[in-house]
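Throughout, protein chains are lettered first and strands after them, A, B, ... in sequence-line order, and every chain is numbered starting at 1.
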Protein chains: 2
Amino acid sequence: MALRSLVESANVPGCDFPLEHLPWGRFERSSHPGEWHVGVAIGTKAFDLTEFARAGHCGALDPMLRDALHRGCMNALLALGRPAWSQARRWAQRLLSADEPALRDRADRDRFIASQDQLRMAMLAEVGDYTDFYASIHHATNVGSMFRPDNPLLPNWRHVPIGYHGRASTLVPSGTAVRRPCGQTSTADAGPPSFGPCRLLDYELEVGVVLGPGNEQGDRIDIASARDRLFGICLVNDWSARDVQKWEYVPLGPFTAKNFSTSVGAWVTPLEAIEAWMEPGPVRDAAAPENLPYLRWKDDFTFDLKLQVLLRSARMREQGVPAMQVSLGTYRDMYWTFAQMLAHHASTGCAMRPGDLLASGTVSGPTPDSRGCLLERTWRGTEPLSLPDGTQRKFLEDGDEVILRGWFEGKGSMPRIGLGECRGVVLPALV
Amino acid sequence: MALRSLVESANVPGCDFPLEHLPWGRFERSSHPGEWHVGVAIGTKAFDLTEFARAGHCGALDPMLRDALHRGCMNALLALGRPAWSQARRWAQRLLSADEPALRDRADRDRFIASQDQLRMAMLAEVGDYTDFYASIHHATNVGSMFRPDNPLLPNWRHVPIGYHGRASTLVPSGTAVRRPCGQTSTADAGPPSFGPCRLLDYELEVGVVLGPGNEQGDRIDIASARDRLFGICLVNDWSARDVQKWEYVPLGPFTAKNFSTSVGAWVTPLEAIEAWMEPGPVRDAAAPENLPYLRWKDDFTFDLKLQVLLRSARMREQGVPAMQVSLGTYRDMYWTFAQMLAHHASTGCAMRPGDLLASGTVSGPTPDSRGCLLERTWRGTEPLSLPDGTQRKFLEDGDEVILRGWFEGKGSMPRIGLGECRGVVLPALV
């Protein structure tokens with residue numbers, strides 16, 4: 001039996017943001033230009049908790065939580081940890097219930113309940129550092145087999161949650177257009193290179209996790225504490241310039257090939273909202289070696305988050321043709337869990353800070369139609385996709401829009417909930 | 001003829017911080033706990049510009065510059081760009097002159113002039129993103145030849161200023177002790193791995209550059225604008241866990257091997273202070289290919305910055321034995337310039353922000369005694385160093401202190417100036 005909200009659009013079956021969900025976002029309202037507020041999504045609306053706090057209606061909350069809401073400072077809220085997150089969530093859920101008069105019957109309710117389409121979304125928090133992992137064994141094996149057919153998976157891969165530091169300055173919220181980068185590429189392995197617009201522009205379907213309380217530099221993080229340090233999940237598109245990447249990545253890894261833009265879903269789903277879907281994990285095959293103790297946790301979890309990529313060309317938009325599904329997979333297919341990524345990241349004493357973003361790396365499954373980037377989906381362009389507008393795609397063209405979606409199917413008393421969308425249109429290169 | 005300062009220690013020949021230098025720093029004073037002030041070093045003292053501004057003595061400065069100083073916000077000052085930096089420098093230089101009564105004759109002068117040893121230094125600015133390059137051809141060739149004797153320098157190296165994103169959260173100012181990390185390592189290339197204290201802990205002698213005005217995401221940076229975007233240089237020690245690095249770095253580059261700590265010299269030397277030492281550069285051998293146009297600039301520059309590494313064991317400190325020189329080299333030996341690193345970094349449209357830190361990668365010269373890390377200096381431990389305490393070093397031991405120094409020799413009317421020190425003691429691992 002689904003919960004009923006005072007926001008009617010939240011009660012429509014199949015909507016992304018029912019009362020059971022309440023993902024967090026940070027936004028600017030046209031009524032308050034220049035201010036960042038935080039709030040939760042409900043149906044097609046958002047509950048502006050910063051405005052509610054400033055109106056003096058948060059007296060029931062702990063002072064530090066109230067202060068974080070009042071300031072619209074998500075990093076402060078993330079630092080408070082799980083008890084505060086839980087308190088805020090329960091309180092917002094009660095206020096947004098159809099049965100609760102405190103908000104429902106206010107004459108000035110619209111001051112606190114805004115339409116999502118009236119919001120200018122920001123990244124949920126200021127991201128001190130952004131890290132990208134490589135946690136799908138299918139993705140790693142596919143990409144490896146293109147370059148090393150005899151030995152696709154490197155010896156370290158099943159022992160180390162491989163990752164690299166990403167670029168925090170170019171994280172953008174869903175909806176931000178992405179400029180096709182220029183870069184240095186070479187058609188021959190030995191050069192000479194040239195400089196010009198990327199010819200092999202790709203997306204990568206990923207899931208991100210926003211961190212809460214961190215650690216002191218020099219200390220490690222016990223994997224068993226991960227549940228209290230992982231705030232919530234979101235969609236991530238790690239746009240990639242494959243031709244730039246191929247030429248530059250040896251020996252220090254991807255750099256300019258991925259530093260031009262990373263799109264992030266604007267609404268972050270707290271882990272508390274998806275507890276019904278958590279299952280023991282990760283799922284491993286019989287050949288998998290036992291991991292080192294710092295990566296083992298008896299309560300480690302994964303989840304069957306459905307993940308979809310859709311593509312819509314400029315011509316399809318003109319023709320009114322809906323976006324085409326390119327792939328459909330599930331996060332359950334990932335080899336490494338977020339808890340393992342976090343414990344490994346901090347295993348050398350690296351300081352993690354509230355608001356840091358970890359992304360999973362491309363989520364690919366075992367079948368061709370569950371491959372989460374075009375490099376794999378078209379197998380380096382050898383198996384192009386046919387679009388409804390009559391064109392083919394090996395890699396992205398200017399005007400293409402990539403739309404990532406993620407959702408949990410209804411389960412028991414829990415209705416389906418969705419992570420919303422992470423979308424971006426490719427703009428032509430500036431030459 | 002050297003300039004004379006009202007601070008007598010700045011007039012001692014050979015000191016790092018004469019009146020011609022004036023490097024910038026950010027610090028907390030015991031008289032103002034909990035506040036970060038900015039100022040310039042002069043002799044053994046620092047001129048607290050934030051305190052001076054708060055006392056209302058900065059009326060001669062542009063309002064935005066005054067405001068940045070008043071707030072102690074170096075990022076704001078960096079964003080103002082070269083005209084503001086130059087104005088602040090000239091103004092501070094005049095005030096600190098022995099001939100200028102405005103500060104010299106103030107009864108409350110000590111309010112604004114503090115002893116450096118009374119300051120708790122911070123990183124100069126909040127670093128949004130930190131990037132580490134690999135710009136020494138000698139370092140790249142040496143390291144490459146250990147792993148690929150027949151083909152030490154990869155085909156992309158002379159075309160691409162190779163770099164990778166580093167970890168901003170673990171940048172620490174000089175003087176901060178460095179905890180030996182634990183990490184995942186393997187003695188065999190194929191595993192199995194184990195987890196424990198790093199056995200091959202190394203330093204890397206590098207030079208960093210702090211950025212001023214950045215670019216909008218999606219735009220590139222013209223290399224010819226680099227001089228206006230590079231604020232100043234500092235010493236950097238990119239501590240490295242070589243055994244962790246060896247096991248983890250394929251295919252996405254160094255990650256936990258370098259994310260535990262990066263030490264940064266606390267005083268940043270503005271480029272304006274070293275103009276006398278700038279020379280056309282970089283110096284290239286005849287075999288060097290011409291670089292792509294976006295990496296060419298007729299006014300590009302390098303400099304003969306002398307760079308020294310010293311090592312002092314715990315026993316040497318107990319015995320009162322001074323630190324031993326391990327290497328001596330010069331920044332002039334670098335293949336890639338900071339202007340090239342910046343232009344390449346932004347070549348795909350990556351947004352650069354004021355306060356970002358770029359580091360050069362290990363500065364190694366052509367001779368064994370100019371190699372800037374132990375991996376090269378002891379050739380993977382095959383040629384250990386003998387210390388005055390009777391012990392040998394292949395890699396760093398607990399208690400070892402690494403001290404980096406950099407300086408420009410006197411030239412024409414310019415006295416010698418020094419970048420100060422970047423030091424750190426190795427603490428034992430937490431097991």
Check: C182(A) main-chain N/O paired with T348(B) side-chain donor or acceptor under 3.5 Å:
no
Would you mind checking which part of L430(A) comes under 4.5 Å of any heavy atom in chain B, side chain (CB onward), backbone (N, CA, C, O), both or neither?
both
If you count heavy-atom pairs under 4.5 Å with chain B, which of G253(A), C350(A), P155(A), A429(A) comes out on top?
C350(A)
S186(A) versus chain B, heavy atoms under 4.5 Å apart: side chain, backbone, both or neither?
neither
Using a cut-off of under 4.5 Å for heavy-atom pairs, which of H345(A), E248(A), M352(A), R179(A) has the most such pairs with chain B?
H345(A)
Between Q217(B) and S169(A), is there a side-chain heavy-atom distance shorter than 4.5 Å?
no
Options G191(A), G349(A), P254(A), G128(A), ranked by heavy-atom pairs under 4.5 Å with chain B, top entry
P254(A)
Counting only non-hydrogen atoms closer than 4.5 Å, does V127(A) touch chain B with its backbone (N, CA, C, O), its side chain (CB onward), both, or neither?
neither
Look up atom OG1 in T131(B) and atom CG in N259(A), then write down how far apart they are to the nearest 0.5 Å.
8.0 Å
Given H165(A), Q184(A), R220(A), the one with more heavy-atom pairs under 4.5 angstrom with chain B than any other is H165(A)
Please determine, among P251(B), G218(B), P289(B), the option with the most heavy-atom pairs under 4.5 Å with chain A.
P251(B)
Which pair of non-hydrogen atoms, one from V250(B) and one from N156(A), has the smallest distance, and what is that distance?
O-ND2, 3.0 Å
Side chain R167(A), main chain A351(B), donor-acceptor under 3.5 Å
yes
Side chain, backbone, both or neither: which part of V172(B) has a heavy atom under 4.5 Å from chain A?
side chain
Less than 4.5 Å to any heavy atom of chain B: does that hold for the side chain of R180(A), its backbone, both, or neither?
neither
Contacting moiety of D189(A), where chain B heavy atoms sit under 4.5 Å
backbone
To check you understand the geometry: which heavy-atom pair defines the closest contact between D129(B) and G166(A), and what is its length?
OD1-O, 4.2 Å
Okay, L295(A) and chain B: the region with an atom under 4.5 Å from a heavy atom over there is side chain
Options P181(A), A168(A), G183(A), A190(A), ranked by heavy-atom pairs under 4.5 Å with chain B, top entry:
A168(A)
In terms of the angle between their ring planes, are F255(B) and H344(A) parallel, tilted or perpendicular, with boundaries placed at 30° and 60°?
tilted
Top of Y249(A), Y164(A), W157(A) for chain B proximity - count of heavy-atom pairs under 4.5 angstrom:
Y164(A)
Against chain A, label L292(B) side chain, backbone, both or neither, depending on which of its atoms sit under 4.5 Å from a heavy atom there.
side chain
Is the F195(B)-Y294(A) ring centre distance short of 6.0 angstrom?
yes
